[in-house]
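See below for the structure under consideration.
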Amino acid sequence: QDEGKSKTIVFIPKSTDVTYWLFLRKGATDKASELGYTVDYQGVATEADVAGQVNLVNNIVATKPAGILMAATDAKALQPAVENGIKAGIPIIMVDSGIEDKTIPLANITTDNFDGAYQAGLLLAEMIGGKGKVANIGITAGSQTGRERSDGFIEAMKKFPDIQVLPVQWTDAIAATAMNIATDLLNANPDLVGFYSAAAPMGVGIAQALKAKGLDQKVKLITFDPSPETLPLFEEGTINAIIAQDPYQMGYRGVEMLDKVIKGGKIEEGERDIQIPVAIITPENYDTPESQKLLQTPDKF
Amino acid sequence: MPELLVMEGINKAFFGVKVLKDIQFRLHEGEVHVILGENGAGKSTLIKILSGAYTLDSGKVFLEGKEVDMASYSPEVASRLGIATIYQNFHLVPHLSIAENISLSNFPVKKGGIDWKSVQKRARDVLENIHFSVDPNTLVKKLSVSQQQMLEIAIALSKNAKIIIMDEPTAAISKKEVETLFQLIADIKKKKVGIIYISHKLEEIKVIGDTITVLRDGKNVGTMGAKEAELNEIVSLMIGKEMKTLEKKKQHLSSEVMIELKSLRRKGIFEDISFQIGKGEIVGLTGLIGAGKTELARAIFGVDRLDAGKCFFQEKEINIKNPKEAVQHGIGYLPEDRDVSGLCLNMPVKDNVTLVYLAKLKERLFGIPAEKALAQKYINQLKIKTTGVYQQVKYLSGGNKQKVIFAKWLAAHCQFLILDEPTIGIDVGAREEIYNLIFDFVESGEKAVLFLSSDISEILSVSDRILVMSQGRLIAELDPSTTTKQEIMARCLNLN
Amino acid sequence: MNQNLPDEHRKNWDVLSVFQYLYQQQSISMLFILIIMWVILSLLSPYFFTVNNLFEITLQSAVIALIAAGESFVIFSGGIDLSVGSVFAFSAIVGGLALQFSGSVIVSLMASIGAGLFAGFCNGLAIIKLKIPPFVATLGMMGIARGLALILCNGVPIYGLPREYLWIGQGRIAGIVPVPTIIVIILFTIMYFILRNTRFGRFTYSIGSNPEATRLSGIKVSSVTLGIFMICGMFAAIAAVIESARLGTMQPASGNGYELLAIGSVFIGGASIYGGEGNIFASLIGALLVTTIRNGLNILGVSAFYQYVVNGLIIIFAVAADQIRRKH
Amino acid sequence: MNQNLPDEHRKNWDVLSVFQYLYQQQSISMLFILIIMWVILSLLSPYFFTVNNLFEITLQSAVIALIAAGESFVIFSGGIDLSVGSVFAFSAIVGGLALQFSGSVIVSLMASIGAGLFAGFCNGLAIIKLKIPPFVATLGMMGIARGLALILCNGVPIYGLPREYLWIGQGRIAGIVPVPTIIVIILFTIMYFILRNTRFGRFTYSIGSNPEATRLSGIKVSSVTLGIFMICGMFAAIAAVIESARLGTMQPASGNGYELLAIGSVFIGGASIYGGEGNIFASLIGALLVTTIRNGLNILGVSAFYQYVVNGLIIIFAVAADQIRRKH
Ligand SMILES: Nc1ncnc2c1ncn2[C@@H]1O[C@H](COP(=O)(O)OP(=O)(O)OP(=O)(O)O)[C@@H](O)[C@H]1O
Ligand SMILES: Nc1ncnc2c1ncn2[C@@H]1O[C@H](COP(=O)(O)OP(=O)(O)OP(=O)(O)O)[C@@H](O)[C@H]1O
Ligand SMILES: [Mg+2]
Ligand SMILES: [Mg+2]
């Protein structure tokens, strides 16, 4: 009876324009090939395309895949689509970002963007000695990740009355835009001492802006998400810390759990909601195997 | 006769250049008031002020004694006041049908939308009125220039206007249609309608004109009764000097053949066309609207595909697939619809004049000074009225635009020119000059011209040989020294 | 060709001429291509040709189709409106705020549509009064409306729509036909009628074909232009209502890139960039085509990166196929 | 009027006619507006009018300016190219892979430019052979090139560029003038010359003005069109090289939305959507204007949401001011 059943697991990232999701996909494909599944990678072009993701989920559900692993672009807007999928008998597990009602999907393996940003804020404050001007470079205006990663940072900064946070600037996760904005902010605020970047492409852009102005060793820069091209910048000290989630792990464990359900098993209550904490990579812990595992690009995606 | 219209002290300038200077103009009920003047004299500008297309700089306009508020004047107001206009370069909407163009400014509506039945009926009536037989559902963009001219006339006549402005209404139509138009003008005069009539065909003026006003360089240089006026006098008023009459130069007809066409055919358009043109020869080709002259020319030039036939050029068989090949062989084609296929309207006069020249140029680079000198030469030679080589063509008067296309092909050094209605809208003086240029062109005996025209007197005075086309076939070959206008006309109508 | 014109052949309804007439209709030819695509997709996947999925396609295309309807007016009149995506977000947010303040769905709908009309009005005004080319005017509005959307809601999506509002996007008539599909059918029929049978509609084409001739015919080109851009803004707003109702939220970042999809749909439907021609149903089919490609590629499991490529290729070849028909 | 033209008044170089000539030049008039904007910004912020910041503006505008240079050819010829943003990413990635394989900067540059030319060639081919309107053909290519960029590098940015490559984007001549600024100046001068003094340039304008008249003048419109789109692709590639060198990485997601910025620059510079006119330096000034607004708003510390609005308003009013000049 298993013969006719699909062996395809579909992984739906928030968008296809950010490298981050490829780590997740890699985790998923690695586990899937162990277990004899194939992973389809399907996503919308940008995170702001919430409606596009809803359509996509509906379309995928119609093809009755063995299971779906997905990251929701919007916690509320995606809920009906996920609910429909579950009703149609498709096992769905949320990774990275879930939906409002955590009981609908079979499991949630997520990270807390807000908390990651909060941690980044605390660290940056510490690096600059609790005072001075810092810039907040965000992803996309109005997107959920964009909001959480910016709000968490601002929340942390509220604890430091001597720190002035410049208004958030959005970049649509384009490195060049971030570079231009960072340069302009540095020109207009010679007293700027720190940058927070909410995603890897902006980290690269800001780092280049700092290098071009010769400020790379003076101004502190913390970026969310590792990406291969950020590592050299980290090693040379332009990027001072990287907030790393563990996307590989999320993908890996997601498929593991899906397999369990597909094979008729059940997910234990305690396993339903897994929060994978963010890791903060600094020069001190950079060389540890744990950090390297989070940072290194898999040889082959 | 009571005065319908008085225009007083009209001034108009474009980009600081005065085009109309203190013009006085009057029109009476039932009068055909002809405006004459050289190309660029300001005729069209004057009537466009009256039609609302342009706003005037200063001056007053009275309609039936009442002053018109020119500050809020527009084409809409003009048509409400009963002024209808036939524009020189037409104002038709290409993507709409003939019927819709006719009803555009006042669509009949019934509950729920446009009443298409009355649109159709009105169109049929209006077309019937001027004996123009064409399917009212045809899109205007499919019409030839002459058909568009007929439609433009039909629309203006359909408006029950008090004043009808006609800016060169007969420029593109043949004698048969002209006669219909004159008949209609005679009819509407009786209804006390006033007509402003602009034309470069002086022989028409005696036939229908009542009063003549001559413009020169934007000034009114004289108003007189049409019946008493002497043609010579009018012409010298227009151009400011005496005009020499045309003397046809002796040509060196050579025995060599320039081009020979054998059994050309384009399905449904023309059939079995064979003739040859010798070096040094000017062959005239005439026929009624839709006879197929333009289509034939386009096919020879490689614009449209031929279905059958052979073409020998300078003794060698050639098979022209596109205009580029034709131009490379030394063939030129001056199209009849100047705005659509002749000119790059938003480019300067210079660039238009040198376009074909550049196309034939072997070098990739060119120097602006040489190019400018070339353009300037033709501007002078053809007396193109422009503020300079860099003026955009769209700002030229109708006749001057035509001269620019002519200059373009003269500048290109072709061996064989096909001229399709080259004198549309060109003033008397300039017309003689253009004929002279054509004679000069063939004078050496090395070049030849195929001259397409529906103006029979022109055909008679220019051609060495006359071909007549009717319904896509060549039906006669006539010798201009022995034939008459009447005979040509009869041949065109295919009466023999 | 001649698509925007009333039936020329009404008298002789013999089979051949009916077929010929259909063949000449832009919308029918694209429909053929659409159907061929459906057949191919059905052969490739058993999940494609199900009642459910076909309705899903109409549902998914509804938003772009509605924006394309408004954009059609603009394009037929020779203009372009790049601001629709932002106006979409702006009117969604305005409607959302109105809902929060008044609690009334009707007020919210009116506020959304009012916002769309207003944005269109401003576009039109910039074009006719400041004499700015439509491309630039609406490029400016693209920024302005997006900014206003974000400012109004402070970048935070609006949630908590009442059941009646959701019905607009999620309801099904007779339990099967989605409400947005019905809305699309009704509005397109009305707009088709307006384009064909009203002065406003004929002037829209006429302005696109030759604005100067239209003006000289005594038609107030500027008022018509204003109306056209207002219609375009209104349709962006209607589309925004439907998407908000489908998602259950109003998103200030939504609609980004919809302008390209909508304009693309109109051009894929065969309208000319120079204006004067085009059939609004062809724009609908353009939108369906774009959606079908997406849906089909999803269902076939084509992976994300390859989808971009295949999507682009299909658009090109669908339009190329249509060009071949036009040659005849 | 008459902006794309060389000096009419070369003989009488009196002050008045020089002034009049300058006044008539599209590029000069937008330059005025740009300078006024600079003056205002200098008054508002002490950080604006510094040598450093002015060079920063030229540096930031370089990428968009170069794309706009290629886009200018297309728009002057009456077309449009929506694919430049994707072709940008595609040629960056191709260059990056070439660099990885060969280790040679020269090979990488040639590969990038080759990729741009190839994409432009495909655009041109679809337009002249399949007779697809430029909007649709390049919309298709927009998807195809983006997909290829992602597929080629598997979605992973390429990094680790050698020092010589970085110099193209980060180097400074005499320690102060950025290399990209120099590249922009040189290439724009060459392109200006080509548009003015070569047959190819002249035909570009004449096709834009009236393709039918151009064809009937014996010009192979299709070959010229092909060349135009290849130039456009090439410039997208050059821009991509510069951005890659500035960032030290090639990003497959880059260039998204650049098409609108570049096309916007050309239209803000005053080109007509109907083609046939336009000055390539005006496009450069358009790009500078767009960048200046961004830079100025950043320096003034205007918050993000308001930037969208102010940005849109300034574009509209800058172009409106230019229209007033044109009326005379
Ligand atoms: N829109 C315009 N902008 C600038 N100049 C114009 C414009 N319209 C006409 N002119 C100029 O005004 C002058 C008069 O032109 P007009 O069209 O009135 O001449 P016309 O007497 O009708 O000539 P033709 O017999 O050639 O039609 C010409 O020099 C022309 O270049
Ligand atoms: N036999 C025909 N059948 C159908 N259409 C025809 C036929 N002959 C001519 N036409 C159409 O009539 C129009 C006029 O043809 P063409 O331009 O060749 O005529 P012409 O002799 O140059 O006359 P004119 O230019 O004065 O109208 C064209 O649009 C052509 O398509
Ligand atoms: Mg005139
Ligand atoms: Mg003809």
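Throughout, protein chains are lettered first and strands after them, A, B, ... in sequence-line order, and every chain is numbered starting at 1.
Both the backbone and the side chain of C/Leu313 come within contact range of chain D, each with at least one heavy atom under 4.5 Å from a heavy atom of that chain. Proximity to chain D is absent for every atom of C/Ile314, based on heavy atoms less than 4.5 angstrom apart. With a 4.5 angstrom heavy-atom cutoff, D/Tyr306 touches chain C via backbone and side-chain atoms both. The parts of C/Phe267 that come within reach of chain D are both its backbone and its side chain, each placing non-hydrogen atoms under 4.5 angstrom from that chain.
The main-chain N or O of C/Leu82 is found under 3.5 Å from a side-chain atom of C/Thr138 such that the two form a donor-acceptor pair. Remark: side-chain polar atoms of C/Arg146 are paired, donor with acceptor, to backbone N or O of C/Pro252 under 3.5 angstrom. Without hydrogens or angle criteria, C/Arg215 side chain to C/Asn210 main chain gives no donor-acceptor distance under 3.5 Å. Side-chain N or O atoms of D/Thr214 include one that pairs as donor or acceptor with a backbone N or O of D/Ser206 at under 3.5 Å. The closest donor-acceptor contact from the side chain of C/Glu71 to the backbone of C/Asp81 lies under 3.5 Å.
For chain C, the option among D/Leu139, D/Val310, D/Val136, D/Ile151 with the highest count of heavy-atom pairs below 4.5 Å is D/Ile151. Highest contact tally toward chain D, considering only C/Val319, C/Ile132, C/Ile263, is held by C/Ile132 [criterion: heavy-atom pairs under 4.5 Å]. Among D/Leu150, D/Leu130, D/Ile315, the residue with the largest count of heavy-atom pairs under 4.5 Å with chain C is D/Leu150.
Checked against ring pair (Phe, Tyr, Trp, His ring centres under 6.0 Å), D/Phe118 has no partners two or more places apart in sequence or in another chain.
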